[in-house]
Amino acid sequence: MRGYDQKILLMVLVVVAVLAAARGQETTGFVTWANNYYQTWGHQALVINKTSELQLTLDNNSGSGFESQLIYGSGYFNVRIKAPQTTSTGVITSFYLISRSSRHDELCFQILGKNGPPYLLNTNMYLYGEGGKDQRFRLWFDPTKDYHSYSFLWNPNQLVFYVDDTPIRVYRKNPDVYYPSVQTMFLMGSVQNGSIIDPKQMPYIAKFQASKIEGCQTEFTGIEKCTDPKFWWNRKQLSSKEKELYINAKKMYLDYDYCSDRQRYPKVPQECGSYS
């Protein structure tokens, strides 16, 4: 291909990409690490099994993390994780959605290192830069023995945290409090040192399997394009079965809820009324 023709083709590809983002392109299906994510810090991520599995390493020098190249304005985001086997509570394996601003939004799963059951999963949210909204759960399985799914449903009306097929945290839009529907977000994952870890057990390896992403791809300031009900996740409501699973998860596995912590929050945080 001649140089002039190559330039024309490149210009066409760029225009197509820009137009797709401008109208809020739907991303569906399994995505591979090599084409959709890049390393953001720490040790070089190891991609194995023909791009279907990504391994992150934590040792005495550094942890590691990745970030999606694409930006999203709504969607259903799933990743399968096998946490490191460790007795150190300081080893934290995380998966989260996060915006880039001085007053950022964030949804986060954190699998905490533990010497045997019960294994703990912390969930947290930052709403317009304000965090400390922890809800912690006792997992009903060993997250170090096999892969399990951790998913976010994020649409203009509700946020749902899923573990496998069980909703464990539901936050609904309330006109009286802030709801994360004004900032686009990236997908991120990491393994890092939260406090004290045992150097004898290093390195710690966290494994992430190729994830199923069904989201509205957009540009940094284009979240309004992702509120359309044509996207199935924007119409999604909990089914009767999911409601039963959610009630049972709160009853059986909820270990800590910041909304009930009067020592930490003498006054109930305003957004606590948005949890169903």
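Atom set for the values below is all heavy atoms of this structure, side chains included, hydrogens, waters and symmetry mates excluded. Not measured: the values here are computed from a predicted model. Just so you know, residue 1 is the first one in the sequence shown, and it goes up from there.
When the options Thr123, Asn122, Asn124, Thr93 are evaluated for a side-chain hydrogen bond (donor to acceptor under 3.5 Å, both in side chains) with Gln110, the one that passes is Asn122. No option in Phe77, Phe231, Phe186 other than Phe77 meets the ring pair (Phe, Tyr, Trp, His ring centres under 6.0 Å) test with Tyr72. Screening Tyr246, Trp140, Phe137 for a ring pair (Phe, Tyr, Trp, His ring centres under 6.0 Å) involving Tyr253 leaves a single residue, Trp140.
Neither side chain, Asp134 nor Tyr256, offers a donor N or O lying under 3.5 Å from an acceptor on the other. Residues Tyr171 and Gln135 have side chains that never bring a donor and an acceptor to within less than 3.5 angstrom of each other. Asn193 and Tyr204 share no donor-acceptor pair across their side chains, judged by distance under 3.5 Å alone.
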(request) Please test Gln85 against Lys145 for side-chain contact (heavy atoms from CB on, under 4.5 Å), starting from the C-alpha separation and ending with a verdict. (result) CA-CA 8 Å; Gln85 289 188 327; Lys145 294 296 185 183; 3.5 Å; yes
(request) Mind running side-chain contact (heavy atoms from CB on, under 4.5 Å) on Leu56 and Phe66 for me, showing each step along the way? (result) CA-CA 9 Å; Leu56 297 179; Phe66 66 84; 3.8 Å; yes
(request) For Ile92 and Val191, run side-chain contact (heavy atoms from CB on, under 4.5 Å): C-alpha distance rounded to whole Å, both residues' side-chain angles, the deciding distance at 0.1 Å, then the answer. (result) CA-CA 6 Å; Ile92 301 175; Val191 60; over 6 Å; no
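Placement of Tyr147 and Ile205 in two distinct hydrophobic clusters is found when ILVMFWY residues are connected by side-chain heavy-atom separations under 4.5 Å, directly or transitively. Using a 4.5 Å cut-off between side-chain heavy atoms of Ile, Leu, Val, Met, Phe, Trp and Tyr, with links allowed through other members, Tyr96 and Leu187 fall into different hydrophobic clusters. The hydrophobic cluster containing Val160 does not contain Ile247, counting ILVMFWY residues as joined when their side-chain heavy atoms lie under 4.5 angstrom apart, directly or transitively. Placement of Tyr265 and Tyr126 in two distinct hydrophobic clusters is found when ILVMFWY residues are connected by side-chain heavy-atom separations under 4.5 Å, directly or transitively. Cluster membership check: Leu254 shares its hydrophobic cluster with Tyr150, using side-chain heavy-atom separations under 4.5 Å among Ile, Leu, Val, Met, Phe, Trp and Tyr.
Of all non-hydrogen atoms in Ser274 and Asn174, the two that sit nearest each other are OG-CB, 3.2 Å. What you find for Tyr119 and Pro143 is that their closest heavy atoms are CG-CD, 3.4 Å. Looking at every heavy atom in both residues, Pro229 comes nearest to Asn234 through CA-CB, 4.3 Å. What you find for Leu238 and Pro167 is that their closest heavy atoms are CD2-CG, 4.3 Å. Heavy-atom minimum distance, Ser62 versus Gly42: OG-CA, 3.4 Å.
With rounding to the nearest 0.5 Å, the separation of CE in Met185 from CZ in Arg100 is 13.5 Å. Here the straight-line distance linking atom NZ of Lys250 with atom CZ of Arg169 works out to 11.5 Å at 0.5 Å rounding. Between atom CD of residue Gln270 and atom CG of residue Leu127 there is a gap of 11.0 Å, rounded to the nearest 0.5 Å. Atoms NZ and SG, from Lys225 and Cys216 in turn, are 9.0 Å apart once rounded to the nearest 0.5 Å. How far OG of Ser181 is from CG of Asn155: 10.0 Å, rounded to the nearest 0.5 Å. Atom CE in Met188 sits 10.5 Å away from atom SG in Cys108 (nearest 0.5 Å).
In this structure, the side chains of Glu242 and Gln237 stay at 4.5 Å or more apart for every pair of heavy atoms. Val268 has its side chain within reach of Arg262: a pair of non-hydrogen atoms, C-beta onward, lies under 4.5 Å apart. Under the 4.5 Å side-chain criterion, counting only non-hydrogen atoms from C-beta, Arg103 is not in contact with Glu130. Residues Ile223 and Thr218 form no side-chain contact, since every pair of their non-hydrogen atoms from C-beta on lies 4.5 Å or further apart. By the 4.5 Å heavy-atom criterion applied to side chains, Met125 and Leu159 are counted as neighbours. In this structure, Ser74 and Thr227 have side chains that are not in contact, with every pair of non-hydrogen atoms separated by 4.5 Å or more. By the 4.5 Å heavy-atom criterion applied to side chains, Arg138 and Leu120 are counted as neighbours. The shortest side-chain heavy-atom distance between Leu153 and Gln158 falls under the 4.5 Å cut-off.
Heavy atoms from other residues, nucleotides or ligands lying under 6.0 Å from OH of Tyr128 number 12 at most.
Under the 6.0 Å cut-off for aromatic ring centres, Phe208 and Phe95 do not qualify, their centroids lying 6.0 Å or more apart. Aromatic ring centres of Phe109 and Phe152: separated by under 6.0 Å.
Judged as a disulfide (SG to SG under 2.5 Å), the pairs with a partner in residues 231-276 (not counting sequence neighbours) are, in order, Cys259-Cys272.
Between the Arg172 side chain and the Asn157 main chain, no donor and acceptor come within less than 3.5 Å of each other. For the pair Trp154 (side chain) and Pro180 (backbone), a donor-acceptor distance under 3.5 Å is present. The backbone N or O of Asp105 sits less than 3.5 Å from a side-chain atom of Ser99, completing a donor-acceptor pair. Of the possible donor and acceptor atoms, none in the side chain of Asp255 sits under 3.5 Å from a partner among the backbone N and O of Arg136.
Classification of the Trp232-Tyr76 ring pair by plane angle, with boundaries at 30° and 60°, yields tilted.
Not counting sequence neighbours, Phe220 has no partner by the ring-ring contact (aromatic ring centres under 6.0 Å, His included) test.
Looking at Lys236 and Glu214, no side-chain N of the basic residue comes within less than 4.0 Å of a carboxylate O on the acidic one, giving no salt bridge.
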